[in-house]
Amino acid sequence: MRDGTVLRADAYWPAEDGSWPVLLVRTPYGKQNADVLARLDPWGAARRGYLVVVQDCRGRFASDGVWEPLLHEGADGYDTIAWAARLPGADGRVGTYGPSYLGYTQQAVKALRPPLLAATAPGFTWADPDDGLIRRGGAYELGLVTQWTLSLGYNVLERRYRSRPAEARRYLADVDAALEEFAGRTVWERPTDEASTLRRLGLPIPVPTPGSPQTTDIPTLTVAGWFDCFLQGSLDNHVAASAAGAATALIVGPWSHDNQTSRVGEVDFGALADAAAIDGGRSLADLELDFFDHFLAAERGGQAPEGSALVFVMGADEWRRFPAWPPVSAEQSWYLCPESRLDRWPSSDPGSVSGSDTFDHDPDDPVPTVGGALLIGAGFPAGPYDQRLVEKRDDVLVYTSEPLDHPLEVVGRVRVHLVAESTAQGADWVARLCDVDRDGVSRNITDGVLRTVRTAGSDGGADEPDEYVIDLWSTAYVFQPGHRIRLQIAASCFPRWDRHPVATRARQTVHHGAGFSSRLVLPVLETPR
């Protein structure tokens, strides 16, 4: 690298002699990690005529330097692209691919406009670290950051104590214990506590990098999943690349961060949803290579991306092509009403009755995380799950529509406007959109959180009601006839998000009905298929 640090990589050459475009991957998980290689399939890419380079990031595994999450990926990627383009057999054209942090390394280097970078294919990665990686709506991504930092901590501690094996064994045992006791002890430690496991072990914790990556016009294929913890960041990256004038393509499946099969959570979306044969056709890996064939090896006759966005619409369980993301939609409001109703008021005229619902929030007994677009670990699987046990809790408000007469196709970004107040100095407001089927099973579709801090009424009384807007990110979902729309409102989702740092036992109040505008806003396609 430009500062003299040596980073190491494995290279996979095509068996035949020739001059080949390069596909570069930069990973913090180990360049010979079996799970990483299974997703990347460098052997398959080499058979397609690519020289594949898989590099350990700075401070990880075989590479020198110090591991500092997010910090060096732009400059290190720039220098590595220049190096990889000069490898024996390389033709000077370079593309990048890979999911998660491997996708972030692409976004970071793309902002620097390396002259030899011809195409990128980031998947399942964030845009703004404070919108899905480190925080969301102001709440700390406790489960994700803690689990990820501990998992990467093994290599950090092995390198730090390589000359002191007894200390290494002791600290590695601490990581083992923290992961084994993750739900029962580790996540209950306050992140700011100096005695917390992460701080005590001195493990590098991701912090936002200065500035935000600037999107360029480099051709980009973005891959995302509806139940991925970085869903909205992936969509935002695609929109930004399109706005910059780049040739873009988008693929969004009903997938989670680490599961791209047809079954995610409790739901089997059908064989067409599996990334091994998308829509009964080519695999996700093949579609990525088709993209690179077009922009890196046009002489092979590679096809340009067909349509801007290939999206799996849940509920209908089918793939749809849209000319752009997000597609044109009309906002449709569903209002919170008395008697736990969700109604198309005022068009359905539920009357002039207004009211409020209250619940008591106890930070020592938070609402548990059950499914969703998350990445926490084996004890907290992502995806759609039955929410009925959560909805029976006294600290969860539930608003439900009447059964639908016609299909309702929701495609785009969802939000909730909540007129609410709390007796605490600070409060979190969690909103979750669910589909209730004909059997009464309620399953989560998408959700969001907003952290608030009181700026008035410091004498200990309740806030004046205020309107909060909660971003539930995006989805593509058809509510079928006979199904009902449901909205949950709570003050926690633990350990996905941390407990509010100033929260105490508090009375939470949501106002609704005439005179208030507490509502769910859905992007509805005007001409559903």
Side-chain angles (χ1 to χ4, degrees), residues 136 139 141-144 147 181-188 226-227 229 254 256 259 263-269 314-315 336 339-342 357-401 403 414 416 418 427-449 470 472-473 475 477 479-480 482-500 503 505-508 510 520:
R136 171 115 180 250
E141 289 280 357
L142 176 70
L144 190 160
Q147 189 272 343
E181 302 171 22
F182 187 83
R185 174 181 64 85
T186 305
V187 292
W188 291 91
W226 293 127
F227 295 102
C229 55
S256 67
N259 179 6
R263 185 175 184 85
V264 178
E266 291 181 334
V267 176
D268 191 332
F269 292 99
M314 300 175 290
L336 282 61
E339 300 178 351
S340 300
R341 301 193 332 271
L342 193 65
D357 294 314
T358 63
F359 63 93
D360 292 323
H361 168 63
D362 181 356
D364 293 326
D365 182 25
V367 178
T369 299
V370 179
L374 50 87
L375 179 64
I376 301 179
F380 300 91
Y385 280 90
D386 189 343
Q387 297 288 308
R388 285 177 293 181
L389 287 179
V390 170
E391 293 167 356
K392 287 181 179 179
R393 291 178 57 107
D394 292 335
D395 54 356
V396 178
L397 301 179
V398 176
Y399 301 89
T400 309
S401 74
V414 179
V416 167
L418 203 65
D428 290 337
W429 297 99
V430 176
R432 180 170 297 108
L433 174 64
C434 300
D435 177 15
V436 183
D437 66 18
R438 292 174 179 270
D439 296 323
V441 179
S442 173
R443 290 192 175 90
N444 53 293
I445 300 171
T446 189
D447 56 17
V449 63
I470 307 171
L472 274 63
W473 284 4
T475 192
Y477 195 91
F479 291 88
Q480 294 291 351
H483 288 221
R484 291 173 290 164
I485 304 168
R486 176 166 289 172
L487 180 68
Q488 298 176 13
I489 301 294
S492 53
C493 179
F494 184 81
R496 181 180 181 184
W497 296 306
D498 70 325
R499 297 170 291 161
H500 199 299
R505 291 181 64 94
R507 175 64 56 90
Q508 314 284 99
V510 173
L520 166 70

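Every heavy atom of this structure was used, including side-chain atoms; hydrogens, water molecules and symmetry mates were not. One is the number of the first residue; the rest follow in order along the sequence.
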Review point. Would V264 and F269 satisfy side chain to side chain contact (heavy atoms under 4.5 Å, CB included), going step by step from the backbone distance to the final call?
Key: CA-CA 8 Å; V264 178; F269 292 99; 4.3 Å; yes

Practice item. Output yes when a side-chain donor or acceptor of N444 lies under 3.5 Å from a complementary backbone atom of T446, and no otherwise. Key: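 Between the backbone of T446 and the side chain of N444 there is no qualifying donor-acceptor contact (under 3.5 Å).
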
Practice item. Look only at the side chain of W188 and the backbone of F182, and say whether a donor-acceptor pair between them is shorter than 3.5 Å. Key: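 No, W188 side chain to F182 backbone: no donor-acceptor pair under 3.5 Å.
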
Calculate, to the nearest 0.5 Å, the distance between atoms [atom1] and [atom2] belonging to [X] and [Y] respectively.
X	Y	atom1	atom2	value
S401	L520	OG	CG	9.5 Å
S442	I485	OG	CD1	12.0 Å
D428	C493	CG	SG	10.5 Å
D360	D394	CG	CG	8.5 Å
D447	L433	CG	CG	9.0 Å

Return the minimal non-hydrogen interatomic distance between [X] and [Y], and the atom names on each side.
X	Y	answer
E181	R185	OE1-NE, 2.5 Å
L397	V510	CD1-CG2, 3.8 Å
G448	L472	N-CG, 3.8 Å
P254	W226	CA-CD1, 3.8 Å
R136	V449	O-CG1, 3.1 Å
C434	I445	C-CD1, 4.0 Å

Sequence neighbours excluded, which residues qualify as salt bridge (charged side-chain N to carboxylate O under 4.0 Å, His left out) partners of [X]?
X	result
R505	D362
D357	none
R486	E391

Test side chain to side chain donor-acceptor pair (under 3.5 Å) applied to [X] - qualifying residues, sequence neighbours left out:
X	answer
E339	none
W497	E141
R499	none
Q147	S151

Exercise for review: Using side chain to side chain contact (heavy atoms under 4.5 Å, CB included) as the criterion, list what pairs up with S340, not counting sequence neighbours.
Suggested key: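 Result, side chain to side chain contact (heavy atoms under 4.5 Å, CB included) vs S340: none returned.
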
Practice item. Could you pull out all residues at least two apart from A491 that satisfy side chain to side chain contact (heavy atoms under 4.5 Å, CB included)? Key: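 If we apply the side chain to side chain contact (heavy atoms under 4.5 Å, CB included) test to A491, skipping adjacent residues, the hits are F359, H361, Q508.
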
Exercise for review: Enumerate the residue pairs fulfilling salt bridge (Lys or Arg N to Asp or Glu O under 4.0 Å) with a member in residues 378-389, sequence neighbours excluded, ordered by first and then second residue.
Suggested key: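 Salt bridge (Lys or Arg N to Asp or Glu O under 4.0 Å) check on residues 378-389 returns D386-R388.
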
**Study point:** Chi angles and distances behind the side chain to side chain contact (heavy atoms under 4.5 Å, CB included) call for L342, L336
**Key:** CA-CA 5 Å; L342 193 65; L336 282 61; 4.0 Å; yes

Exercise for review: Salt-bridge test for D435 and R443: reply yes if a basic N is under 4.0 Å from a carboxylate O, no otherwise.
Suggested key: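 Looking at D435 and R443, the cut-off is not met.
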
Review point. After noting the C-alpha distance and the side-chain angles of Q488 and V390, does the key distance pass the side chain to side chain contact (heavy atoms under 4.5 Å, CB included) rule?
Key: CA-CA 9 Å; Q488 298 176 13; V390 170; 4.0 Å; yes

**Study point:** Y477: ring-ring contact (aromatic ring centres under 6.0 Å, His included) partners, not counting sequence neighbours
**Key:**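 Scan of Y477 (ring-ring contact (aromatic ring centres under 6.0 Å, His included), adjacent residues dropped) gives F479.
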
Distance-only donor-acceptor hits, side chain of residues 364-375, under 3.5 Å, sequence neighbours excluded:
from	atom 1	to	atom 2	distance (Å)
T369	OG1	F494	N	3.4
T369	OG1	F494	O	3.1
T369	OG1	R496	N	3.1

Check your understanding: Can you list the steps and then say if I470 with L418 is a side chain to side chain contact (heavy atoms under 4.5 Å, CB included)?
Key -> CA-CA 8 Å; I470 307 171; L418 203 65; 4.2 Å; yes

